Amino acid sequence: MRSNGCGDLRKQQIDEQVQLCGWVDRRRDHGGVIFIDLRDRSGTVQITVDPDLGADAFAVAEHLRSETVLQVKGKVRARPDESLNERLATGAVEVLASSITVLNGVKGNLPFPISIHDEENTREELRLRHRYLDLRRKRMNDNLRLRAQTIQTARRFLEDEGFIEVETPVLTRSTPEGARDYILPSRVCGGEWFALPQSPQLFKQLLMVGGIEKYYQVARCFRDEDLRADRQPEFTQLDMEMSFMDQEQILDLNERLICTIWKTAKGVDLPRPFPRMTWHDAMERYGTDRPDTRYGMELTNVSDIVKEMGFKVFSGAVKAGGSVKCIAVPGGNDAVSNVRIKPGGDVFSEAQQAGAGGLAFIRVRDGGEIDTIGAIKDNLSEEQTRELLGRTGAEPGTLLLFGAGDTATVNKALDRVRQYLARELGMVKADQENDQWNFLWVVDFPMFEFNSDENRYEALHHPFCAPNIADLGTDEALWADTLPKARAQAYDLVLNGLELGGGSLRIHDSSLQRQVLQTVGLPLEEAEEQFGFLIEALDMGAPPHGGLAFGLDRMVMLLAGEESIRDTIAFPKTQQARCLMTAAPAKVADQQLADLHVASTWVAPNADDDA
RNA sequence: GGGACCGUAGUUCAACCGGUUAGAGCACCGCCCUGUCACGGCGGAAGUUGCGGGUUCGAAUCCCGUCGGUCCCGCCA
């Protein structure tokens, strides 16, 4: 049907007869001569239709509109010198049409324009409803190709390293802990249910027991939780697991993988090794386990300075076991007014949304003078002031913002304010040309976090992470005491404040695995029922192993410079986990439910809407 | 489960302290135009202001509900 791609034509093809297929991007009708921009995957080329040199083609061209599908036959020729188009890759040539065949037309109006020239803000609702049209636009088309290229690069790299891709089941069993499962009734096994995997975690460990040694998979994962810009109910992980490798080797391999991907996609050589930070330092200095290190404004802990002072908001927080921390906003005296920090202000509201009651502030003036509310100024000695300014390194003009309260809330609030102000004050360049890729390994996560609501420990990562043996000790009898406080041999790869992936070394000792499951509150009996197959396998010569998984959608999103993973997924769902194109989920016939031994208890909230 | 924003021609937006016939760009239709490239010129058609209710002499505008979309909190080992 075609001999060349539209976007591939250059001077070398001059005088060649070509056949092109594509969509009408635009048409310019000069009454006599008609120009058509014909677009296909490869790009756009100008078709020239001259009534004297192609009467039949001209008759067709007179009635074409955008997005009509054409086959064009003609001869490539040089454009006149005064008509070159340097903005077009094919701008030196054009195709003189001898025949134009309409392969398909467009009935009625399109819901939105396709041409790059019209890629304006389009309602996302419409884009999703007519996703096939949205995909035809350059932006989404490029994103999908970037995604394919990223997967391809990863596959080639891992295959070269001796990994093999193994597919794991999509129909599996529901497990406790973690996110809500999508579940499916079994027709054959009445009353029993499959779950869609939240990740291939257990299967990949069992592949290690199976002697695969180096596994990877581009794996679809499912979680039935509420959505965000970077969360979809089904998403893709670049998942891997390997035997007989220590943490150092795993991190090294993954750094090389990431460098290869970034080199291929962005042409950049990332500096290696990637910096590392312990979880504890990350929480202390940034208030989060995924710090954005592209800018400063680190958190400074000043609890010790203010613990005895008369300002009760500060001293009370420390005495109650919490913290007082602050961030120094350079130039904040001019950039951030008091109104913005006080109730009703935008900065205040950021802190409040993170659970903080408010933000105390100190403005640093010339000569180390400070400017703040009376309650702080009156209760702060010269010695304390000096220490405060020294520790924060605050120059005149700096605004100090304080969080006081329980440590988790202080961290959360200041982290949020820090990120908000960085954006507000232009510390992060959105410009693609100035892209900064600040990779960071966060290591030494705690094994568990105490959940005071449920009065039990929860796995911070998941309950298959291996604890650090130095924290655990070798005396099995003491594990019940040492385990809850132990660090995990877990690691996250953070990029510009977003978690790109994470993993750990796994437990390959059955009694330790039982102990961990008990620590997170799973009775032995239930542990055996839920995870018996894993524990059993560990006793049959399970090799030491570990792995990692990257969020592929998120990775492509960052590579593409997009702000939502929906723009990296061909057919994503809305925030209500609905597909606007197919109108899924949808009702099914009663008989289908009966076959599955299922009855719906759903009652429409408003009977009128259900007609 | 909660908070915020949004929904007006095919589309992107305007009109919104209630007040004549709801406007404009692009797209669409017709006519003109032989070197444009976001071509140009003239003309035309195009609206249940998401839906339902209320207040009012009068509602795109104010109020309540509802549906849909987006962002965030909770949630997401």
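Each chain gets a letter, A, B and so on, in the order the sequences are listed, and its residues count up from 1. Model, not experiment: these values are computed from the prediction.
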**Q** Could you verify whether a donor N or O on one side chain and an acceptor N or O on the other, from A:R28 and A:Q46, lie under 3.5 Å apart?
**A**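 Distance-only check passes for A:R28 and A:Q46.
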
**Q** Measuring to OP1 and OP2 of B:C73, would you say a side-chain N or O of A:R228 lies under 4.0 angstrom away?
**A**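 The answer is yes; a side-chain N or O of A:R228 sits under 4.0 Å from OP1 or OP2.
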
**Q** For the residue pair A:F450 and A:Y457, categorise the inter-ring angle as parallel (less than 30°), tilted (30 to 60°) or perpendicular (more than 60°).
**A**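 Plane angle over 60°, so perpendicular.
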
**Q** Checking only heavy atoms, does the side chain of A:E125 share a donor-acceptor pair with the base of B:U70 at less than 3.5 Å?
**A** no

**Q** Quiz question: by atom type and distance under 3.5 Å, do the side chains of A:D415 and A:Q419 form a donor-acceptor pair?
**A** yes

**Q** Classify A:P111 by what it touches in the nucleic acid, base, sugar-phosphate, or nothing, heavy-atom distance under 4.0 Å.
**A** sugar-phosphate

**Q** For RNA chain B, what residues of residues 82-89 of chain A have any heavy atom nearer than 4.0 Å?
**A** A:S83, A:L84, A:N85, A:R87

**Q** How would you label the contact of A:D224 with the nucleic acid (heavy atoms, under 4.0 Å): base, sugar-phosphate, or nothing?
**A**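 The residue A:D224 makes no contact with any strand.
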
**Q** Within the 4.0 Å heavy-atom criterion, would you say A:E458 contacts the bases, only the backbone, or no part of the nucleic acid?
**A**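 The answer is nothing, as A:E458 stays clear of every strand by at least 4.0 Å.
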
**Q** With a 4.0 Å cut-off on heavy atoms, is A:N121 in touch with a base, just the backbone sugar-phosphate, or nothing at all?
**A** sugar-phosphate

**Q** Using only heavy-atom distances, decide whether a donor-acceptor pair under 3.5 angstrom links the side-chain of A:R566 to the base of B:G69.
**A** no

**Q** Could you pull out all donor-acceptor pairs under 3.5 Å where a side-chain atom in residues 526-534 of chain A meets a protein atom, sequence neighbours excluded?
**A**
unit_1, atom_1, unit_2, atom_2, d
A:E528, OE2, A:R514, NE, 2.8

**Q** Return the nearest nucleotide to the side chain of A:L126; candidates are B:U11, B:G35, B:C73.
**A**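 Nearest to the side-chain atoms of A:L126, counting from C-beta on, is B:U11.
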
**Q** Would you indicate what A:S199 reaches in the nucleic acid, counting non-hydrogen atoms under 4.0 angstrom: base, sugar-phosphate, or nothing?
**A**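 Counting heavy atoms under 4.0 Å across all strands, the contact made by A:S199 includes a base.
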
**Q** Output the rounded distance in Å from CZ (A:R180) to P (B:G1).
**A** 10 Å

**Q** Just checking A:R416: base, sugar-phosphate only, or nothing, at a heavy-atom cut-off of under 4.0 Å?
**A**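 Sugar-phosphate, no base atom in range.
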
**Q** If I pick the C1' atom on B:U61 and the same atom on B:A46, what distance separates them, to the nearest angstrom?
**A** 23 Å

**Q** Considering residues at least two apart in sequence or located in another chain, which fulfil the ring pair (Phe, Tyr, Trp, His ring centres under 6.0 Å) criterion with A:H30?
**A**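 So A:H30 forms a ring pair (Phe, Tyr, Trp, His ring centres under 6.0 Å) with A:F35.
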
**Q** Taking the P atom of each, how far is B:G10 from B:G18, in whole Å?
**A**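 These two P atoms come out 29 Å apart once rounded.
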
**Q** Determine: side-chain N/O of A:K412 to OP1/OP2 of B:G74, distance under 4.0 Å, yes or no.
**A** yes

**Q** If you measure from the ring centre of A:H30 to the centre of the six-membered ring in the base of B:U36, is it under 5.5 Å, with the planes under 30° apart?
**A**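 Per 5.5 Å and 30° rule: no stacking.
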
**Q** Could I get the full list of ring pair (Phe, Tyr, Trp, His ring centres under 6.0 Å) partners for A:H130, not counting sequence neighbours?
**A** A:Y132

**Q** Closest to the A:T122 side chain: B:G68, B:U34, B:U12?
**A**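 Looking only at side-chain atoms, A:T122 lies closest to B:U12.
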
**Q** Looking at every strand, decide which applies to A:Q46 at a 4.0 Å heavy-atom threshold: base, sugar-phosphate, or nothing.
**A**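 Base, at least one base atom sits under 4.0 Å.
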
**Q** Please enumerate all residues that pass ring pair (Phe, Tyr, Trp, His ring centres under 6.0 Å) together with A:F203, with sequence neighbours excluded.
**A** none

**Q** Just compare B:G35, B:C71, B:U12 and give me whichever is closest to any side-chain atom of A:F35.
**A** B:G35

**Q** Whom does B:C39 pair with, Watson-Crick or G-U wobble, provided both distances fall under 3.5 Å?
**A** none

**Q** With sequence neighbours left out, what residues match A:E563 under salt bridge (Lys or Arg N to Asp or Glu O under 4.0 Å)?
**A** none

**Q** Quick one: do A:Q13 and A:N4 satisfy side chain to side chain donor-acceptor pair (under 3.5 Å)? Show the steps, please.
**A** CA-CA 10 Å; A:Q13 280 82 36; A:N4 298 74; 5.5 Å; no

**Q** With a 4.0 Å cut-off on heavy atoms, is A:R77 in touch with a base, just the backbone sugar-phosphate, or nothing at all?
**A** base

**Q** Does B:U61 have a Watson-Crick or wobble partner in any strand here, with both distances under 3.5 angstrom, and which is it?
**A**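 With both distances under 3.5 Å required, B:U61 matches none.
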
**Q** Do the side chain of A:E94 and the base of B:G35 come within less than 3.5 angstrom through a donor-acceptor pair of N or O atoms?
**A** yes

**Q** Kindly point out which of B:U70, B:U12, B:C71 is positioned nearest to the side chain of A:R123?
**A**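 The answer is B:U12, which lies nearest to the side chain.
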
**Q** Protein-nucleotides 43-46 of chain B N/O pairs closer than 3.5 Å?
**A**
none

**Q** Distance check, P atoms only: B:C13 and B:G50, in whole angstrom units.
**A** 15 Å

**Q** Using the P atom in both, what is the distance from B:A14 to B:C6, to the nearest Å?
**A** 11 Å

**Q** Scan every strand shown for a Watson-Crick or G-U wobble partner of B:G18, both distances under 3.5 Å, and answer none if you come up empty.
**A**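 When the pairing criteria are applied, nothing turns out to pair with B:G18, so the answer is none.
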
**Q** Any chance you could lay out the side chain to side chain donor-acceptor pair (under 3.5 Å) test for A:S504 and A:Q489, step after step, and finish with the verdict?
**A** CA-CA 6 Å; A:S504 65; A:Q489 299 188 62; over 6 Å; no

**Q** Listed by chain and number, what are the salt bridge (Lys or Arg N to Asp or Glu O under 4.0 Å) partners of A:D134, not counting sequence neighbours?
**A**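 By the salt bridge (Lys or Arg N to Asp or Glu O under 4.0 Å) rule, A:D134 matches A:R127, A:R131, A:R137.
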
**Q** Find the distance A:R131:CZ to B:G69:C1' and express it as a whole number of Å.
**A** 14 Å

**Q** Are the charged groups of A:K485 and A:D471 less than 4.0 angstrom apart, N to O?
**A**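 A:D471 and A:K485: not salt-bridged.
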
**Q** Applying a 4.0 Å non-hydrogen cut-off, can you work out what A:L460 is touching in the nucleic acid: base, sugar-phosphate, or nothing?
**A** sugar-phosphate

**Q** For nucleotides 26-31 of chain B, just jot down a letter per nucleotide in 5' to 3' order: B, S or -, based on protein non-hydrogen atoms under 4.0 Å.
**A** --SS--

**Q** Between A:D52 and A:E563, just flag the one whose closest nucleotide in RNA chain B comes earlier from the 5' side.
**A** A:D52

**Q** Return the set of residues passing salt bridge (Lys or Arg N to Asp or Glu O under 4.0 Å) with A:R139 (not counting sequence neighbours), or none when no residue passes.
**A** A:E562, A:D567

**Q** Strictly by modelled atom types, are A:D37 and A:T44 linked by a side-chain donor-acceptor pair under 3.5 Å?
**A** no

**Q** Tell me whether the OP1 or OP2 atom of B:G40 has a side-chain N or O from A:R27 closer than 4.0 Å.
**A**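 Negative; the distance criterion is not met.
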
**Q** With A:R554, which residues qualify under salt bridge (Lys or Arg N to Asp or Glu O under 4.0 Å), at least two apart?
**A**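 Testing A:R554 for salt bridge (Lys or Arg N to Asp or Glu O under 4.0 Å), a comparison that skips the adjacent residues, returns A:D230.
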
**Q** Can you tell me if A:Q232 and A:R566 form a side-chain donor-acceptor pair at under 3.5 Å?
**A** no

**Q** Between the protein and nucleotides 22-24 of chain B, are there any N/O to N/O pairs under 3.5 Å, and if so, what are the atom names and distances?
**A**
none

**Q** Distance alone, cut at 3.5 Å: any donor-acceptor contact between the side chains of A:Y420 and A:D346?
**A**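 A pair is found: one side chain offers a donor N or O, the other an acceptor, under 3.5 Å apart.
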
**Q** Work out how far the C1' atom of B:A22 is from that of B:C67, and round it to whole angstrom.
**A**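 My reading of the C1' atoms in B:A22 and B:C67 gives 24 Å.
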
**Q** Does the base of B:U34 carry an N or O that pairs as donor and acceptor with the side chain of A:R28 under 3.5 Å?
**A**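 No, the side chain and the base share no sub-3.5 Å donor-acceptor pair.
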
**Q** Any strand counts, and the cut-off is 3.5 Å on both contacts for Watson-Crick or G-U wobble. Which nucleotide pairs with B:U70?
**A**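 B:A4 is the nucleotide pairing with B:U70.
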
**Q** For B:C13, give the paired nucleotide (Watson-Crick: N1-N3 plus N6-O4 or O6-N4; G-U: N1-O2 and O6-N3; both under 3.5 Å), or none.
**A** B:G23

